[in-house]
Amino acid sequence: MYILKRSVKKLLISGLVFSAGSAPLLAQQADTLERNPVVKNAQTIQISGTVTEASTGRPLPGINVTVSGFSAALTDENGNYKINVPHQAGVILFSGSGYQLKEAALKGRTTINMALYEDTFSSVYDKAALPHGTMLKNRIPYSVVSVSTNGAWNRPMETPDSYLQGKAAGLDVIRRSGTSDIGADMYLRGYNSIYGAKQPLIVVDGVIYDNNSYGSSLIAGHQNNPLANIDLKDIDNITLIKDGSSTYGTRGGNGVLLITTGRAKDVATRLDFAAYGGYNFNISPLPVMQADNYRIYLSDILKTRGLTDAQIQAQPYMSDEAGPDYYTFHQNTGWQNTVSNSSASQNYYLKVTGGDDIATYALSLGLLDDQGIIRNTGLTRYQTRFNGNLNLSAKLKANVNLAFTRSEQDLNHQGLNSMLSPVYLSLTKAPFLSPNEVSETGVRSPNLSDVDVFGISNPAVVVSQNLQAANSSYRFAGSFGFNYLLSKKMSLNTIAGVTFNKVRENSFIPNLGITSDTLATAIGYNQAAASVQRLFSVYNDTWLSYNHNLNANNNLSANAGVRFNSSDAEYDSGLSYNTASDDFITLGGGQSALRTVGGSLGKWNWLNTYLNVNYSAQNKYFITFDIAADASSRFGTEIPDALSIGGVNFAILPSVAASWLVSSEDFMADMPFIESLKLRASYGLAGNDEIGNYSAKTYYTSQNFLGRFGLVRGNIGNPELKWETNTRFNAGIDAAFLKERLSLSVDFYRNQISDMIIYEPVYTSTGFRYAVTNSGGMRNTGVELAVNGRLLNRENLKWDMGLVMASNKNRITRLPDNADLVTDFGGAYILSRNGEAANLFYGYQTNGVYASDAEAAASGLLNKTADGNYVPFSGGDIRFVDLNHDDIIDENDRKVIGNPNPKLTGGYSNRLTYKRWGLDALFTFSVGNDIYNGVRASLESMSGVQNQTENVMNRWRANGQVTDVPKAVWGDPMRNSRFSDRWIEDGSYLRLRSLSVTYNVPLRSQFIRNATVYALAENLLTFSRYLGYDPEFNANSGVFSRGVDIGMNPQFKSMQLGVRIGL
Amino acid sequence: MSNLKKRFIIWTCLLAVLSFASCQDAWKEHNELKIQALDKTLTEQISSDAKLSTFYSYLVKTGYDKVLASSKAYTVWAPVNDALKDLDVSIVNDEARLKAFVGNHISNQSYFTSMPKPSLIIRALNGKNVRFTSSKFEDGAIVDADLYVKNGVLHTVNTASLPRPNAWEFLQSSTAASKQYEFIAALERTEIDTTNGVRLYTDPVTGKTVFQDGTTFPVQRNIYFQRISDLSSEDSLITCIILTDAAFEQEKAKLSPYYTVDDPLLADTLAKWSAVRDLVINGVFEIDDLPDSLTSVTGVQVHLDKSAIVETRLLSNGIAYVVNSVGYKLLENKIPAVIVQGEMTDSIRAPRTPLIKIQKNPNGSLYTHIQSPDITSSPSPLYHYRYKTSVHSTKYAVYWRSINDFYSTPFSMALSFSGTSKYTADLPGLGYHEVPPYDPDKPSTFGEVYLGEITFEHYGNLYAFLASSLGASSAAPTALSLDYIKLVPVN
């Protein structure tokens, strides 16, 4: 251990030298809980009482009893204490190792008995990490949620974003897909922007964590998730600030997620090792037709294509005669099991903490390997983190955080992509074909089959080693912080961080087995591509802290500082076609005439000056005032009514929050039923600066014209372009009853977004489709509830139950000219209309199927076809409802047919501990959200040779047949499968999101401190009526993709067994 | 408290069971077959219907039961037991004939009664075409229509339909038209099919290609089937006119003057060929909607008088009319006008390569013609264009169209004919005619010009010679120019 410490110090010193050259060095934040030294005061009240353990009633010896800045005591062996308090309005703080921290107001009493819960208990007195230090939750005047991960040892396969699902009321977390490490999109209180950033600002150990990916992936449907680079087991605490985030100015509009990584808790050397092995369960296949019914369907659909009987019978797959191709076309392949399989996962993690009086460190190493359920995909992630704290002198403290992560991932294409997506191909591929070539005698060759007789790719090739879809990324995030105590009341802090992120993707699409691409000048038989995303970002936050006790019960603290963030992103990609053979898979092997290169550059700076003032009176009235003035390279130069200093426009965003701890009032002393009751209200502004790096400027882009390059205007620059402003009002109650056995938190909020960015349609004559303007407005109103209860509280048996839920209502309040915006995404049409939610499904209403030609003729309706003709309906067509009664079914007959936004989301958790056993069950739910089932729309459109669900066996065939499935017609000329309520489904679900059983092994060894065995499961049960693999997916974080199922890799069940050993 | 725990566990289990059930149910409900018959194959459906038991027994006997259980779409017009009562026992006992009979009631693909508008001709599994209307199948009425099952559709019919003959089979069996049959049958000959032949070498003596043994084989082919229409083919539908023996003789007599050749046997064959050549019409024309004139596959307009029809017969590949006379316009239609395009020369004798020009008429239409201007000498024999064509043995009126757009004065050309390719100045013909200079305002300078009449004694090849005028010099050059020559039979 000595050697280790030495090397740690060496590292620190070299780090110091490095950062001295790169960034200004100042000081670091103070822990506001450890306040000024004890001062004697003559007029005191003596308080006495007993501290007991809440579950057993046993007296607790050795508990710290303190009055901040005044006096301190320890409980004796009977749990009794005596302490002097300066004033009636004082509070006493109880704390002890292994127990919760708790505050008690005197309320005129002189005897205060206290029952303490264990430290993992979720309490109103929990610490929450705030931008300038930690604070007890009962003293925070705005809405925050603090999630103590407790190591999250029982959720090894989660990323920090997906872990938060069902944990925080109002944070709607949707996992993107079933790809490993893909993470989740987080929306705090709904969508606060349409085209700007929608996810909370993430701050890790004081440094803004850039969670965006720069440049689109070469692999369809994939996006890189930078947050996956933080191992959840490295995280101590995640605090979500819902509305007190004006201090982050134009980047706090979506709330702020503060992540604190683990540090050494004491100087003793501790070693934690965990190992997990897991099993991912294959998804259960969707009921698509088998070979027999598929071929009958094919007979019908080919007939409508205009083929004669003889031509149909001449197709090789229609012949039942023995011949060389008989076995090639007489298989019955379950394609879904060809592309997906059950697989294994493993995770190893080692963490060492320790140190001495001068320096403490925490070092962790991790390895994650997850094979995923799509064949030949998988992730390997290596991760290291080093966190150190140094007491350089009595006044100077320093800390350092270094993290390096490397991921290598084999991916697959996703989406309704008929060429490359294994999920889509496996559903639609003809079941009578085989993944491998089959001989005349029916013997299966190891060679994979080529593109089939219909020109459709072989799903087995898409998941084979022949197709490359690799992503390898690394991220380095390092920061240094200093904290210098200028005086007793004032300290100077700084933190400087550097982030370097690089994502490299390599893709190769072989010729064999994959449909060729038709390019402008050639056929692309195979394709090689590579891309690199690069981000380099520098961050500094320097501030002055002031903390002053006006008297024994009134405290004023303030922070004033400057944050600066400079980022430089680059994306380069290259694409070439037709390498010499499928063995030449690199970019250079392609045909030079077909090679294209592309990319983008982004460079932006952000400056944020802020002032934060907190005042607490009598330990029961709290008020906080924040103001930020932001400048950004993204803002326009001619913003009307903006503060301008030296030609630079500033966004001024103030906020104020106040709370009243009612339970600390004397009159509440008679109500022991109420442990804590706090009323809060806050009002303030925050902003959103994700308006595009260069949208305010006019720029040119290169364009190829007949082989020559030139420059063309790239946009309509808007020099008046400014940030989006989010005006937030929040009122809430935090309360705890029955000695904290029951606690709840309720919030009401109203967030009004003004100057919202809109891609405003412009006249075609401008040469552009849209201009970026601040011409929108939106409002989110909602209510959030969090309830925690300890239902059973025995020494050996404890049962905690928690429920968080939130309901949000989104309304557009302003659109340019009040015109409806209709956006097309994945086959769905999304309506944004003033006064309605921003993303409503806008399609046709249907009412069954015409049972006969006579019935269709009687309706008198004409259908406007894709080429603009008017064609009457006939038997077997869908009965579309003529909403405007003009006897024509066209785009004017669309209406709102669904709302993808849930009415209620949340989580329901249970934790049961019995002796050494523990059971954790987390349910998540989403209620009242609609889904456009694009996969089913494609699997029941009956327009081509693609395989369909068994439902199409009910297709209309003859006059008089009453069914709800239309007839099968090649190409679907009547567009019976158009975007309509046929494909809108209820996406509500309740899911047993995670279930864990833990057992603490009793140990006699001196060597091993503790050992725990885990049995874990994820996504074990899902209750849903959704006709798809899974109702949870998110194609991208955009507003318009919500609830549009385009066939992402589905979520799957997994189980792990693990062991954790502490030395 | 432990009660609470128990309850919790019970509720959890209950919920879990419910959920598993509900997950499955959603799809099950969605995919459930709304009509139970959709779960049955045609074989199962037919076997379960007592009214169709005889037909089902035939299906089993012929092996079609397995076909109808397979995963393709079929349509079955199943005769009820009553309809099969009187079926000839010889059919039932002859496996091949029974198979052809049963196969006549089954087709690939689903055909519903809503589809014939008004009727459909469908290829049955026995290779024959059958007729299906919204209420009838062949001659039987549909009793129960449009019963759709998993792999197709079942109609029940009250009459069994024997496979119909095709045109050739009918012609063979027709006693009234034996002469037509005999003539067409006599056109059959043996050919060597070399399509898949492996070439070895070309024999230097005979100049013929020698193929590897076994790669070529002799086939029977009928010139009538190859050149006019394959009466035995079930692939296309035809209307076939069959002449009674009397009519056949009458036609032959009427046509033989136009086929005068030295060989009387050849003359006889030519006349017979001409008599039967224009008797096949593509498509089916039922007797009630016979148009006034039908265009035969050879392009000749023929007229069928209903009173002349002796017998009408529906065929598997169309319809046949046995007639005792057939109407057509003899001249210009049966014996067509002959047009010789100027640019389609057979041989050229001219001082220079002639010009072939595409030009515009005053009315804007395009024409192509050939010209040799600036002929400054007149050798003997003369400069000429030679054309090869074929004529009937009859009298023709002769026209030409020639454009003189290079001289301001007229020039002359002579047109003469010969059975051989050699040109001499004394060949019979129409003598010299002038071509006036082109003037767009005078149609006579660019129109068709009547040259006279000429009678050809023999049917067959004919050479036409367009010769330049005599006495040309550099001072008075002559020329050749021709758009076309037209020979119109006038008799």
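Chain letters run A, B, ... following the sequence lines, proteins first and then strands; every chain starts at 1. Small disclaimer: the values here were computed from a predicted structure and weren't measured. Note that these values count all heavy atoms, side chains included, but never hydrogens, waters or copies made by symmetry.
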| remark: d(A:Arg955 CZ, B:Leu38 CG) to nearest 0.5 Å is 8.5 Å
| message | Working to the nearest 0.5 angstrom, can you tell me the gap between B:Ile122 CD1 and A:Asp309 CG? | response | 7.5 Å
| said: Given heavy-atom pairs under 4.5 angstrom as the criterion, report whether the side chain, backbone, both or neither of A:Arg991 touches chain B. | reply: neither
| request: Could you grab the distance from atom OG of B:Ser71 to atom CD of A:Gln290, nearest 0.5 Å is fine? | output: 11.5 Å
| Do A:Asn954 side-chain atoms and B:Glu32 backbone N/O form a donor-acceptor pair below 3.5 Å? | yes
| remark: Rounding to 0.5 Å, atoms CG (B:Asn151) and OG (A:Ser299) come to a distance of 9.0 Å
| remark: From the list A:Leu302, A:Asp964, A:Leu1027, the residue making the most non-hydrogen contacts under 4.5 Å with chain B is A:Leu1027
| said: At a 4.5 Å cut-off on heavy atoms, which part of A:Leu286 comes close to chain B: side chain, backbone, both, or neither? | reply: side chain
| task | Could you look at A:Glu950 and say if it's the side chain, the backbone, both or neither that has a heavy atom under 4.5 Å from chain B? | result | both
| task | Please report the shortest heavy-atom distance between B:Gln109 and A:Ile312, naming the atom on each side. | result | NE2-CG2, 3.1 Å
| task | Go through the side-chain N and O atoms of B:His30 and A:Glu985 and say whether any donor and acceptor fall under 3.5 Å apart. | result | no
| message | Nearest 0.5 Å, please: how far is CZ in A:Arg957 from CD1 in B:Ile35? | response | 8.5 Å
| task | Before giving the answer on side-chain contact (heavy atoms from CB on, under 4.5 Å), spell out for A:Val965 and B:Lys34 the whole-Å C-alpha distance, their side-chain angles and the decisive distance to 0.1 Å. | result | CA-CA 10 Å; A:Val965 184; B:Lys34 308 283 187 294; 5.7 Å; no
| said: Determine whether a donor-acceptor pair (N or O, by modelled atom type, separation under 3.5 Å) exists between the side chain of B:Lys72 and the backbone of A:Met318. | reply: yes
| task | Taking the side chain as every heavy atom from C-beta outward, state whether B:Tyr111 and A:Lys303 have any atom pair closer than 4.5 Å. | result | yes
| query | Would you say B:Glu95 has more than 12 foreign heavy atoms packed within less than 6.0 Å of its CD? | reply | no
| How long is the span from the CG atom in A:Asn959 to the OG atom in B:Ser134, to the nearest 0.5 Å? | 11.0 Å
